[in-house]
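Single-structure report; data block below.
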Amino acid sequence: EMDLTSLTLVFQDALKRSRKRQKVIIREPTSIPERIIQIGRIAKVGEMTEITKIMSAEPTRTEIIVTFIALLEIARLKKMKLYQKNCSMN
C-alpha cells in the first residue's frame, strides 16, 4: 500500500516535469468531484490501474494537482487502495 509521503513524492516529480514543458494548452479546469467520477470510470474493481492510465499524455499542473487531491479523497473514503510499484526520484 502506498503511503502519503510516497504519493506526494510521485506527484512532486510529475509537477517538476510539467514545469519543463513549453506548450501552452488551454483546457477547462476539472473539479475534484468530476475528477473522482472520471477516475471511477477508468479504474476497474479488483484490477491495478497505473497512474499513467488516469492522467493525460501531457498533464497540466492543474490536472496533476486535481488528480492528486481526488486520489487522496478516494483513498480517504476507502474506495480505493493506492500502491506504489517503484519510485523514480529523478
Side-chain angles (χ1 to χ4, degrees):
E1 195 166 318
M2 181 182 262
D3 63 22
L4 182 59
T5 302
S6 298
L7 183 62
T8 303
L9 291 172
V10 169
F11 275 92
Q12 284 178 341
D13 184 49
L15 283 172
K16 283 181 196 173
R17 283 184 274 128
S18 75
R19 287 187 198 125
K20 295 177 183 177
R21 291 194 198 100
Q22 298 298 321
K23 290 183 185 178
V24 175
I25 301 172
I26 300 172
R27 298 181 190 164
E28 285 294 317
T30 304
S31 71
I32 293 168
E34 288 172 339
R35 193 68 179 125
I36 289 171
I37 292 168
Q38 290 170 353
I39 292 168
R41 289 183 185 141
I42 297 167
K44 305 291 183 216
V45 175
E47 292 182 19
M48 299 283 280
T49 303
E50 292 187 19
I51 192 78
T52 56
K53 300 292 182 198
I54 62 172
M55 301 287 277
S56 64
E58 293 188 21
T60 63
R61 181 180 175 96
T62 302
E63 181 184 353
I64 293 167
I65 293 167
V66 169
T67 301
F68 176 70
I69 294 170
L71 286 171
L72 288 177
E73 182 63 14
I74 293 168
R76 184 187 72 80
L77 295 171
K78 298 187 186 314
K79 300 290 184 183
M80 182 183 293
K81 288 185 180 181
L82 304 176
Y83 295 94
Q84 180 177 353
K85 205 189 265 187
N86 57 31
C87 183
S88 63
M89 300 293 292
N90 299 334

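Only this structure's heavy atoms are used, side chains among them; waters, hydrogens and symmetry mates stay out. Worth saying up front: this structure is predicted, and the values here are computed from it rather than measured.
Side-chain contact between Met80 and Thr49: absent, with no pair of heavy atoms (C-beta onward) separated by less than 4.5 Å. Side-chain contact between Phe68 and Thr8 is present, with heavy atoms from C-beta onward closer than 4.5 Å. Taking the side chain as every heavy atom from C-beta outward, Leu72 and Leu7 approach each other to under 4.5 Å. No side-chain heavy atom of Gln38 sits less than 4.5 Å from a side-chain heavy atom of Ile54. Side-chain atoms of Thr30 and Thr67, non-hydrogen and from C-beta on, never get closer than 4.5 Å to each other.
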>> Go through it in stages, so that I can follow the logic: the residues are Arg35 and Leu71, the test is side chain to side chain contact (heavy atoms under 4.5 Å, CB included), and I'd like the CA-CA distance, side-chain angles, deciding distance and then a yes or no.
In response: CA-CA 9 Å; Arg35 193 68 179 125; Leu71 286 171; over 6 Å; no
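Across all their heavy atoms, Pro59 and Ile64 have their closest contact at CB-CG1, 3.8 Å. Ala70 and Ile32 get closest at one heavy-atom pair: CA-CG2, 4.1 Å.
How far NZ of Lys53 is from CE of Met48: 13.5 Å, rounded to the nearest 0.5 Å. Between the OG atom in Ser31 and the CD1 atom in Ile69 there is a gap of 11.5 Å [rounded to 0.5 Å]. Here the OG1-CG distance, from Thr60 to Leu15, works out to 9.5 Å after rounding to the nearest 0.5 Å. For the atom pair Ile42 CD1 and Met55 CE, the distance stands at 10.5 Å (nearest 0.5 Å).
A donor-acceptor pair is defined here as one N or O able to donate and one able to accept, closer than 3.5 Å; no such pair exists between the side chain of Glu73 and the backbone of Ile36.
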